[in-house]
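In what follows, residues are counted from 1 in the order of the sequence shown.
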Amino acid sequence: MQIPPSESVSNCTVTDGDTLRCGEERIRLLAIDAPEKPGQCRAGRTCAPGDPFASERNLRVAAKPTMTIRRVGADRFGRTLALMEAEGKDLSCHQLENAAAIYNPKWDTGGYVFALCGEAATRRSLTR
């Protein structure tokens with residue numbers, strides 16, 4: 001598997017359990033779906049179960065002042081889809097391993113997240 005090139009990013013803030021902002025760039029963590037904050041789950045959509053505030057806190061704990069990003073593409077909202085690491089730990093995997101998000105294999109461009117943490121992805125996989 002050819003993993004995308006990495007670069008360093010800093011001064012990122014956590015928006016919710018699966019999204020960060022690094023400067024002007026909005027970054028969606030690859031292949032995961034975290035619970036939506038109240039009023040954010042649009043009609044007709046089945047949103048990820050769980051506590052959105054706990055999910056956000058969990059990601060905030062893992063995020064560090066300087067991290068590594070591997071850009072994979074962009075979503076329909078213009079956010080960068082990416083693998084992000086903090087202190088050598090992939091943040092999508094971190095969220096899955098801590099039951100703070102679910103894995104959606106349809107969103108795993110390149111199969112990267114499954115390759116990095118397949119056991120956690122299988123345990124927390126989309127079942128709807």
If the condition is side chain to side chain donor-acceptor pair (under 3.5 Å), which residues does T19 pass it with, not counting sequence neighbours? D16
Checking K89 now: which residues fulfil side chain to side chain donor-acceptor pair (under 3.5 Å) with it, not counting sequence neighbours? E97
Name the atoms and distances for all side-chain donor-acceptor pairs under 3.5 Å in residues 72-81, with sequence neighbours left out.
residue : atom : partner : partner atom : Å
D75     : OD1  : F77     : N            : 2.9
D75     : OD1  : G78     : N            : 3.1
D75     : OD1  : R79     : N            : 2.9
D75     : OD2  : R79     : NE           : 2.6
D75     : OD2  : R79     : NH2          : 2.7
T80     : OG1  : E25     : OE2          : 2.7

Closest non-hydrogen atom pair between [X] and [Y], with its separation:
X   : Y   : value
L30 : S92 : O-OG, 2.8 Å
A86 : L91 : CB-CD2, 4.1 Å
P49 : P35 : O-CG, 3.2 Å
R70 : P4  : NH1-O, 2.6 Å

Using side chain to side chain contact (heavy atoms under 4.5 Å, CB included), reason through D33 and W107 one step at a time and then give a plain yes or no. CA-CA 9 Å; D33 192 16; W107 298 350; 3.5 Å; yes
Would you say the side chain of L29 lies within less than 4.5 Å of the side chain of L83, judging by non-hydrogen atoms? no
Taking the side chain as everything from C-beta on, heavy atoms only, tell me whether L96 gets closer than 4.5 Å to I32. yes
Could you check whether any side-chain N or O of R21 sits under 3.5 Å from a backbone N or O of I27, counting only pairs where one atom can act as donor and the other as acceptor? no
Ignoring hydrogens and geometry, is there a side-chain-to-backbone donor-acceptor pair from D18 to A34 under 3.5 Å? yes
Name each donor-acceptor pair under 3.5 Å that joins a side chain in residues 7-14 to protein atoms two or more places apart or in another chain, with its distance.
residue : atom : partner : partner atom : Å
E7      : OE1  : R71     : NH1          : 2.9
E7      : OE2  : R71     : NH1          : 3.3

Taken in chain and number order and not counting sequence neighbours, the residues that satisfy side-chain contact (heavy atoms from CB on, under 4.5 Å) with T122 are F114
What residues, two or more places apart in sequence or in another chain, satisfy salt bridge (charged side-chain N to carboxylate O under 4.0 Å, His left out) together with R123? E119
Sequence neighbours left out, what pairs pass disulfide bond (SG atoms under 2.5 Å apart) with at least one residue falling in residues 86-119? C93-C117
Side-chain donor-acceptor pairs of residues 52-62 under 3.5 Å, sequence neighbours excluded:
residue : atom : partner : partner atom : Å
S55     : OG   : Q95     : NE2          : 3.3
S55     : OG   : A100    : O            : 2.6
E56     : OE1  : K37     : NZ           : 3.0
E56     : OE2  : R60     : NH2          : 2.4
N58     : ND2  : H94     : NE2          : 3.1
N58     : ND2  : Q95     : OE1          : 2.5

The complete set of salt bridge (charged side-chain N to carboxylate O under 4.0 Å, His left out) pairs with one or both residues in residues 104-116, sequence neighbours excluded, reads none
Between OG1 of T15 and CG of L20, what distance do you get to the nearest 0.5 Å? 6.5 Å
